[in-house]
Visitor: 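Structure below; questions to follow.
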Amino acid sequence: MRANPNFQKLPAGYLFPEIGRRVRAFAAAHPDAQVIRLGIGDVTEPLAPAIVAAMHAAVDEMAVRATFRGYGPEQGYDFLLDAIRAHDYRSRGVEIGADEIFVSDGSKCDSGNLQELFAADAVIAIADPVYPVYVDSNVMAGRTGAPGPDGRYPGLVYLPSTAATGFVPEPPKGGGIDVVYLCSPNNPTGAVMTRDHLTAWVAWARQHDALIVFDAAYEAYIQDPALPRSIYEIDGARECAIELRSYSKRAGFTGVRCAFMVVPKELRGVGAGGERVSLNAMWSRRHSTKFNGTSYVVQRGAAASYSAEGMAQTLGQVAFYMDNARLLREGLTAAGFTVFGGQHAPYIWLGTPGGAKSWDFFDELLTKAHLVGTPGSGFGPAGEGYFRLSAFNSRANVEEAVARIRRVFA
Ligand code: MLT
């Protein structure tokens, strides 16, 4: 069979497995090194008790003929859809219909899959640096040429997010773009978009008939209640934006897997004959064809994160990780690093000492301090010279990491 040639355009390994490979090689060569991993953003706190209790009860239901369940509703059970509508949206003054929410098994899958909605030759814009799945999934689908020597893919529009703009991408001057991916709070920089930023993006998207894919996987980490958590808090966003939400970072679900996507009924794409087509209807068709729903037990767990206890317990976990972020920020600053992020996001973004290449600093940090982070260049060419540290870890590990950084670099 003829294989998809677009895979040849990708770097050999996805970012995080590549980091894992390097760390395993280091650990094998230095078996006594106590390596602390602040690379992949993976939660470390156990599931909240309210979530565990709900999942146990759901398993018990599945064990009895009278309450056993097979396939569930494709878009999700009403108990979860209702909780999402009330807690994630109505509480912020936003009304979202149950048939506009699509519960899934993770935002990584959602953000990779949703490009099936776009024309084969759709023009894609991405903030740079950003979560690598947006680029890689569009490369696999053939929307780019092979990358140039600077690592940029021809055919993609890069929106550099630099220190000068607070790592927030600005809308391009003109149009000609079909889709833009925005992630706020941002992975990897930790930058958060304000109401003004989002208002400017929504105005741009509506003016140029573009779609915004708004990835809000880290919204629970926003500390200022005045900052928007959903793009639908901005007037007009229902006509131009899809939103991604996840339970991974907000409820400790990286190993449980649950997320959802909002596709408003107003959203329209342009069909082959110039006619308007409903993206909600298209995604519903796609979802029900290729996905059989998130498991009942998992959806019960996700719904429990909205109960009074579940909310208090999961917010407590978020606060714990944000305290880790504060310790990392303070420690790195005291060691002389230029530090960004970590205020509304569980990621610290730092300039490498002397502007060293990101992967060179990765090696230096690993060999000198036995610490693992993520090279900024792994998130896009504009991430070169930067480095990401994750605040997801035990307090003891974060304190030890800070002590090592100060010892080695201060
Ligand atoms: C990260 O470290 O960037 C995240 O864990 C990636 C993800 O959520 O897939």
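Both counts, for ligands and for their atoms, begin at 1 and track the order of listing. Computed over heavy atoms, backbone and side chain alike; hydrogens, waters and symmetry mates excluded. Since the model is a prediction, treat every value here as computed from it, not as a measurement.
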Visitor: So with a 6.0 Å cut-off around CZ of R285, is the heavy-atom count from everything else above 12?
Guide: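 At most 12 heavy atoms, drawn from other residues, nucleotides or ligands, come within 6.0 Å of this atom.
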Visitor: For ligand 1, does Y347 get within less than 4.0 Å through its side chain, its backbone, both, or neither, judged by non-hydrogen atoms?
Guide: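 Just the side chain.
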Visitor: Tell me whether the NZ or CZ atom of R300 lies within the 45° cone about the ring axis of F79 and under 6.0 Å from its centre.
Guide: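 Geometry flag: set, cation within 6.0 Å and 45°.
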Visitor: Please report which non-hydrogen protein atom sits nearest to atom 4 (C) of ligand 1, along with the residue it belongs to and the distance in Å to one decimal place.
Guide: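 Protein heavy atom at minimum distance: K249 NZ, 3.5 Å.
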Visitor: For the residue pair F167 and Y386, is the inter-centroid distance of their aromatic rings smaller than 6.0 Å?
Guide: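 Under 6.0 Å, so yes.
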Visitor: Among all protein non-hydrogen atoms, which one is nearest to atom 6 (C) of ligand 1, and what is the separation to 0.1 Å?
Guide: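 In this structure, atom 6 (C) of ligand 1 has Y131 CE1, 3.6 Å as its nearest protein heavy atom.
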Visitor: What are the atoms of ligand 1, with element, lying closer than 4.0 Å to any heavy atom of I40?
Guide: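 Here the atoms of ligand 1 in question are 2 (O), 5 (O).
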Visitor: What about F26 and H370, are their ring centers closer than 6.0 Å?
Guide: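 Centroid separation for F26 and H370: below 6.0 Å.
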Visitor: Centroid-to-centroid, W201 to H197, below 6.0 Å?
Guide: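 No, they do not, as the ring centres are separated by 6.0 Å or more.
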Visitor: Can you pull out the closest protein heavy atom to atom 5 (O) of ligand 1? Residue, atom name and distance to 0.1 Å, please.
Guide: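 Nearest neighbour among protein heavy atoms for atom 5 (O) of ligand 1, to 0.1 Å: G41 O, 2.9 Å.
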Visitor: Given that the side chain starts at C-beta and the backbone is N, CA, C, O, which of these parts of N187 lies under 4.0 Å from ligand 1, counting heavy atoms, or is it both or neither?
Guide: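 N187 to ligand 1: side-chain contact only, backbone stays beyond 4.0 Å.
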Visitor: Is the terminal nitrogen or CZ of R69 (NZ for Lys, CZ for Arg) located under 6.0 angstrom from the six-membered ring centre of Y296 and within 45° of that ring's axis?
Guide: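 Verdict for Y296: a cation-pi partner in R69.
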Visitor: In terms of relative ring orientation, are F260 and Y247 parallel, tilted or perpendicular, with 30° and 60° separating the classes?
Guide: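 Ring orientation, 0 to 90° scale: tilted.
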Visitor: Test your reading of the structure: does R388 have an N or O sitting under 3.5 Å from an N or O of ligand 1?
Guide: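 Checking ligand 1 against R388, an N or O pair does fall under 3.5 Å apart.
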Visitor: Below 4.0 Å from ligand 1: does a non-hydrogen atom of D42 turn up there or not?
Guide: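 Contact absent.
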Visitor: As an exercise, identify every atom of ligand 1 less than 4.0 angstrom from a heavy atom of F16.
Guide: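 Per the distance check, 1 (C), 2 (O), 3 (O).
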